[in-house]
Amino acid sequence: MHLIHRPDIVASEITPPDVYLDRRRFIGQAAAGAAVLAAGGLLDPRAARAATAPREKLIGVKKSAWTVPEALTPYQDVTTYNNYYEFGTDKADPSENAHTLKTRPWTVRIEGECAKPATFAIEDILKIAPLEERVYRMRCVEAWSMVIPWVGYPLSELLKKVEPTGSAKFVEFSTLADPQTMPGVRGRVLQWPYVEGLRIDEAMHPLTLLTLGVYGEVLPNQNGAPVRLVVPWKYGFKSAKSIVRIRLVDKMPVSAWNRAQPSEYGFFSNVNPEVDHPRWSQAKERRIGEFRKRDTLMFNGYADQVASLYSGMDLRKWF
Amino acid sequence: MVLSEGSARRVPAVSVALQRLRLAIWIVCLLPLARLIWLGLNNGLGANPIEFISRSTGTWTLVFLLATLCVTPARQLTGWTELTRVRRLLGLFTFFYVCLHFANWIVIDQFFDWPAMLQDIAKRPFITVGFAAFLLLLPLALTSTDAARRHLKRNWGRLHMLVYAVPVLGVLHYWWLVKKGVQTPLPYTWCCWGGERPRGGGAAKTGFGRRKVGRAGPEGLPPKRRAASSGPCVRSYSRTRDQFSCWMPATNQPALPLRGLTKCQTSSSSLVTTLASS
């Protein structure tokens, strides 16, 4: 005899009262659901892949002055339209596949040109500095953009803990590459692990955000949980996801995209409407949710804050 | 549709099986459009609906184009000669989807920004080849009627040889559009390779016209000669070398503008330049 009775229906499958009480809508949805199943998800790509990961609120998040006065891209779009090649190359792949990513336990090793190399547990990283919400523009190299409320604190707060030495000229970020949980890593789309890099002054810039959450909640896996970078004046691929190692180095690191296609992706990859991608124009972008294209802004609209970092540099050469 | 007596004499009666096949093609070919409309009305086009429409119509253009080119091999495999008579239908559905794809670009994506579009056609290789493919399909669709075919006589077949360049350009358009590592164009490349291998028949294999049963022509040739003559052949495209090889076997075909190309191995960019300037 079983002492513990296991319910036949798990809680998540029980139809909520507000749905079953609304009989007509319920029938409509059931019919639509059947059609979706029948068509193998063809008819509604988004419904078929509804991600049901639990959402966890971050506490003690302060609003930051770094907030662009533009309409936020909806949570649904931010979390289902992603480039995260470790989980597949389609925009919808990460939200479908990233549930396998294990974000606890998680550590970030910081080493290289610093006085106090250390390994930080994710629980400690969350406490190094007060969390703040920053609404940044995000411009993808593929000429689309979003406005996203990230939660985190400046990367410089973390880097200061290890006391970088004078020979730390660049910072290299390595991200998780686990073939067990990441289907994309089994393929050879890019050379794994995904590596990104910043110059030390870019890494220490107050805009460069060590990001732990989005929309006031813990980062969903497909957005680079548990800890990622957000560098708002650079194309999105510079903002490495699921970081496991940070190295302070004296030479310019070779980033994953730079290694894969040096003619198309340079080290700096600053958003620049005047320097086109070899295969398409970067002068305009489509803001997700908008109909007409809008002009891309120099340094993604952050020129006042970051243009001085590149004074005297030929940005066509250092693209 | 009621056929007049005159046209009924010229076009032989269609078998029930073929009528059913045509109906099935109509339904299958309209499904992708119906799906797009359904998704559009139900907020199902995802975060970037314009890109979704563009990718979807582009994909279905390629699918129907390759289906069009598969009619002749299918006829040879099955021995069902009547099959050739669905080619125009498939060809015109290809043109229908490429028009949707093109219209989506002009109206929804670029919103009539003519200077930007012209610049893209000139500067962006993937748009250049896509546009070239559209331009090549245009005369084929316009001359798809029986009247045009009668009027153009032998030149009709020569003109319709153009269809062989279209899938090559279409697949190239797709490869140059995606980021490195994305393999979605691969199945179409394989189909393109398979669909364009040398095989019987000359001009009559093109997708935009209906052969008349019983008329003398390459399709009426005995099997041996049919196998000897062959169409242009596109072998493969190597992304690592940015190269693809294609060759046109020198055969007993009527003189064609491309006939001098017995074998050419060319870098794809130079091929595009040639096509764009011709």
Side-chain angles (χ1 to χ4, degrees), chain A residues 32 35-36 39 41-49 73-83 85 88-93 95 140-146 184 187-191 237 256-257 259-261 263-265 276-281 283-284 286-293, chain B residues 31-32 34-56 59-60 105 107-113 115-130 172-186 239-240 242 269:
Chain A
V36 166
L42 263 182
L43 277 178
D44 195 343
R46 277 208 293 194
R49 66 174 74 106
T73 304
Y75 180 87
Q76 167 81 8
D77 292 341
V78 171
T79 56
T80 57
Y81 192 78
N82 307 102
N83 277 327
Y85 279 15
T89 54
D90 191 88
K91 298 282 184 295
D93 285 343
S95 60
C140 179
V141 74
E142 297 165 340
W144 53 267
S145 65
M146 294 184 177
R188 287 163 185 264
V189 178
L190 289 169
Q191 189 169 320
F237 67 88
W257 278 107
R259 184 189 299 274
Q261 208 89 312
S263 61
E264 297 189 348
Y265 309 100
D276 287 341
H277 185 279
R279 288 183 287 146
W280 56 81
S281 164
K284 286 176 185 265
R286 170 152 292 115
R287 176 69 49 83
I288 295 302
E290 288 182 356
F291 181 69
R292 297 285 299 273
K293 286 189 176 181
Chain B
L31 275 178
R35 170 176 173 257
L36 270 184
I37 295 169
W38 198 90
L39 287 176
L41 295 175
N42 290 281
N43 193 26
L45 294 174
N48 197 344
I50 298 169
E51 183 194 47
F52 190 102
I53 296 169
S54 177
R55 294 294 176 99
S56 175
T59 300
W60 289 106
W105 183 62
V107 182
I108 306 182
D109 190 33
Q110 301 286 332
F111 202 72
F112 306 106
D113 188 349
M117 282 187 278
L118 288 173
Q119 206 183 5
D120 273 356
I121 290 171
K123 266 178 87 176
R124 315 286 160 207
F126 88 90
I127 296 179
T128 315
V129 289
L172 205 54
H173 172 62
Y174 202 170
W175 277 119
W176 280 347
L177 158 79
V178 296
K179 275 211 290 201
K180 189 196 168 282
V182 178
Q183 297 296 320
T184 42
L186 196 60
R239 296 188 68 221
T240 46
D242 187 30
S269 43

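Chain A is the first sequence line, chain B the second, and so forth, proteins listed ahead of strands; every chain is numbered from 1. It should be emphasised that the depicted structure is a prediction, and the values quoted were computed from it without experimental measurement.
Judged by distance alone, the side chain of A:Arg279 and the main-chain N or O of B:Trp176 form a donor-acceptor pair under 3.5 Å.
Interface residue A:Arg292: only side-chain heavy atoms are found under 4.5 Å from chain B. Only the side chain of B:Glu51 has a heavy atom closer than 4.5 Å to any heavy atom of chain A. Heavy-atom distances place the side chain of A:Val141, and not its backbone, under 4.5 Å from chain B. Only the backbone of B:Leu177 comes within less than 4.5 Å of a heavy atom in chain A; its side chain stays farther off. When heavy atoms are compared at a cutoff of 4.5 Å, A:Pro278 approaches chain B solely by way of its backbone atoms N, CA, C and O. Of the two parts of A:Tyr265, only the side chain, counted from C-beta on, holds a non-hydrogen atom closer than 4.5 Å to a non-hydrogen atom of chain B.
Comparing A:Leu190, A:Asn83, A:Thr73, A:Ile288 by heavy-atom pairs within less than 4.5 Å of chain B, the highest count is held by A:Ile288. Between chain B and the residues A:Arg188, A:Lys91, A:Glu142, the largest count of heavy-atom pairs under 4.5 Å involves A:Glu142.
At a threshold of 4.5 Å between non-hydrogen side-chain atoms, the residues A:Trp280 and B:Asp120 do not count as touching.
B:Asn48 CG to A:Trp144 CH2: the interatomic distance, rounded to the nearest 0.5 Å, is 8.5 Å. For the atom pair A:Asp276 CG and B:Gln119 CD, the distance stands at 8.0 Å (nearest 0.5 Å).
Under a cut-off of 6.0 angstrom, the local environment of CH2 in B:Trp60 is sparse, with at most 12 non-hydrogen atoms contributed by other residues, nucleotides or ligands. Heavy-atom contacts from other residues, nucleotides or ligands closer than 6.0 Å to CD of A:Gln191 number 12 or fewer.
Ion pairing of A:Lys293 with B:Asp113 is absent here, as no side-chain N (NZ or NE/NH1/NH2) approaches a carboxylate O to less than 4.0 Å.
Nearest heavy atom pair, residue B:Ile108 against residue A:Arg286, reads O-NH2, 3.7 Å.
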